[in-house]
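Scroll down for the structure; my scribbles are underneath it.
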Amino acid sequence: MATSDKEIVKEIPRKSERFSDWYTAVLLKSDMVDYSPVRGCMVVRPYGWAIWEGIQSWLDREFKKTGHQNAAFPLFVPESYLKKEAEHVEGFAPQVAWVTHGGDDELGERLAVRPTSEAIIMPMYAKWIQSYRDLPLLILQWGSVVRWEKATRLFLRTTEFFWHEGHTAHQTQQEADDECRLILDIYKRLLEDVLAIPVLTGRKTDSEKFAGADWTYTLEALMPDGQAIQAGTSHFLGQNFAKAFDVKFLDRDNTEKYVWTTSWAVTTRLIGSLVMQHGDNRGLALPPRIAPVQVVIVPIRHEQTPAVLARARALAASLGEGVRVKVDDRDEFTPGWKFNDWEMRGVPLRVELGPKDLDKNQCIFAARDGEGGKRAVSLDGFAAAVVAELDAIQARMYARAKSYLEAHVVTPRSLDEAIEMIKERQGFVRVPMSKDQRAEEALRDASGGSPRVVTDEPAAGACLVTGAPAEMIVYYARAY
RNA sequence: CGGGGCGUAGCGCAGCUCGGCAGCGCGUCUGCUUUGGGAGCAGAAGGCCGCCGGUUCAAAUCCGGCCGCCCCGACCA
């Protein structure tokens, strides 16, 4: 863009120099969130929530297409229920918030504020499932959960966070695993096609899997500071919860069997990833498919030239329901101020329209991702030009993120090199390893990173840590 | 949870060492002039100086405690 961003966007630190400060400033200045009086809890303001609504509505369509139904389960989990699955309670116990009183009366049994809802949903499934004809049961709920965190960061880790959690029960192991993969694919399309965040997908190592799961599928993105972020998970729970909560069904062969269950989630953390992935020194940059405002039309000198504003409104209307457009007719700001303001808020496409443009039957397009510069576009065929531009911006943003990811998957030749690469946050460090838990721990301890994902690519050669035959490819990174 | 930093007008900050009328810039309000990359002039409003306690004639300033936020580490979506 024409002007140096240093002069234009005040009060936002440079992304490359002070990444954490930049991140916080962008969220606050764009009015996405604010701090609340409650420690570790944030307020999601309308602009931030609109992004979440975009994620919700896209996922809702996909979930319904695949036969899932929404429902709502209690916020509270009686302590005795939470304790039924041993590994599960052990994993979550340190982070549980407890309700001990109702009014002035001490409760007979403490209630956990749900850190996740398996323990309150499974007992219901036990009631509802009698026969194989009741399966599969495909339910999710949208809501929030609470995990008591020691250190919090806006969107990335807060005490309360918003998510959906899917909980399904199936007749066979295969069917449950297929469900996990189906969900993983939906998440992958959400991340890549909508949010323009490329991901690596695969499984977690045993040490990183969900507490109570047999295995966990994960999506891992790479942020511009070289740190990985878990973008979503899909857990194959085997029969662990079925056994703990006695969820059985009578199969075709007239024998009683435990169901196979899954659970899966993405959270408002995705919004944090979105901001980090695409933002720049000027503030937010949102991919068109998720931007609450996709196009802003800034009329120039419209107070002196009423025809400008009238035409701006007509153009906005011509875009129809399919495009989220706003005409910025505020008279208290100059055009230049509005340009900066909307750029800071990440609006993908700005259209400038002034008296000179009207004379020439044109307007000016300025794409937020900066690669288009400014260009004149004829008002004939305006709507089609806008749609094409939004598609182009979406594609460019994904391509840029994708090439960043690809450039930051690095392959070490030795253990020492792997440790250095992880420490230096070079990205996803690709390590052939044996399945020996001690190898995993050794690299974790030495590097300060963690195993993020095991892809399904075949392993060859020797384990980089132990020298034994490699059995899997593990991608290590420092992580959020 | 450790180490470091911060908390003063809506926002960004100065003042604190060395106690003595609470300031600056931006924003807000009024008016006029302006409007193609954060406009100009003039006037005005706006404060439990994070909270609680202590020292003192007097506390934003010194002392103690607490709360919150940020950064860097250890644990977690």
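Residue numbering restarts at 1 for every chain, and letters A, B, ... go by the order of the sequence lines.
- Phosphate contact (OP1/OP2 of B/A74, side-chain N/O of A/Arg478, threshold under 4.0 Å): present.
- Between A/Leu156 atom CG and B/C75 atom C1' there is a gap of 16 Å when expressed in whole angstrom units.
- Taking a pair to require two hydrogen-bonding distances under 3.5 Å in either a Watson-Crick or a G-U wobble arrangement, B/C6 pairs with B/G68.
- Ion pairing between A/Lys338 and A/Glu352 fails under the 4.0 Å rule for side-chain N and carboxylate O.
- Nearest to the side chain of A/Arg157, among B/C76, B/A77, B/A74, sits B/C76.
- For A/Arg282, the listed nucleotide lying nearest its side chain is B/G37; candidates were B/U35, B/C71, B/G37.
- For B/C72, one of the phosphate oxygens OP1 or OP2 lies less than 4.0 angstrom from a side-chain nitrogen or oxygen of A/Ser20.
- Contact annotation: A/Arg39 reaches the phosphate of B/G68 (side-chain N/O to OP1 or OP2, under 4.0 Å).
- When heavy atoms are screened at a 4.0 angstrom cut-off, A/Phe339 is found touching base atoms of the nucleic acid.
- Using N1 to N3 plus N6-O4 or O6-N4 for Watson-Crick, or N1-O2 and O6-N3 for G-U wobble, each under 3.5 Å, B/G31 pairs with B/C41.
- Note on A/Tyr35: a side-chain N or O is less than 4.0 Å away from OP1 or OP2 of B/C70.
- Taking 4.0 angstrom as the limit, A/Thr334 places a side-chain polar atom (N or O) nearer than this to OP1 or OP2 of B/A39.
- Of all nucleotides present, only B/G25 satisfies the Watson-Crick or G-U wobble test against B/C11, with each distance under 3.5 Å.
- Atom CZ of A/Arg301 and atom P of B/G37 are 12 Å apart (whole Å).
- Residue A/Glu149 is classed as a base contact, given a heavy-atom separation below 4.0 Å to a base.
- Summarising the base pairing, B/A74 is matched to no nucleotide, lacking a Watson-Crick or G-U wobble pair whose two defining distances lie under 3.5 Å.
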Nucleotide by nucleotide, nucleotides 27-33 of chain B touches protein heavy atoms under 4.0 Å in the pattern (B base, S sugar-phosphate only, - none) -------
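- Nucleotide B/U56 forms a pair with no other nucleotide shown, judged by Watson-Crick or G-U wobble geometry with both contacts under 3.5 Å.
- The nearest whole Å value for the distance from the CG atom in A/Leu191 to the P atom in B/A77 is 17 Å.
- Considering only side-chain atoms of A/Phe161, the nucleotide from B/G73, B/A77, B/G36 that sits closest is B/A77.
- Counting only heavy atoms from C-beta on, A/Lys29 has its side chain closest to B/C11 among B/C11, B/G36, B/U34.
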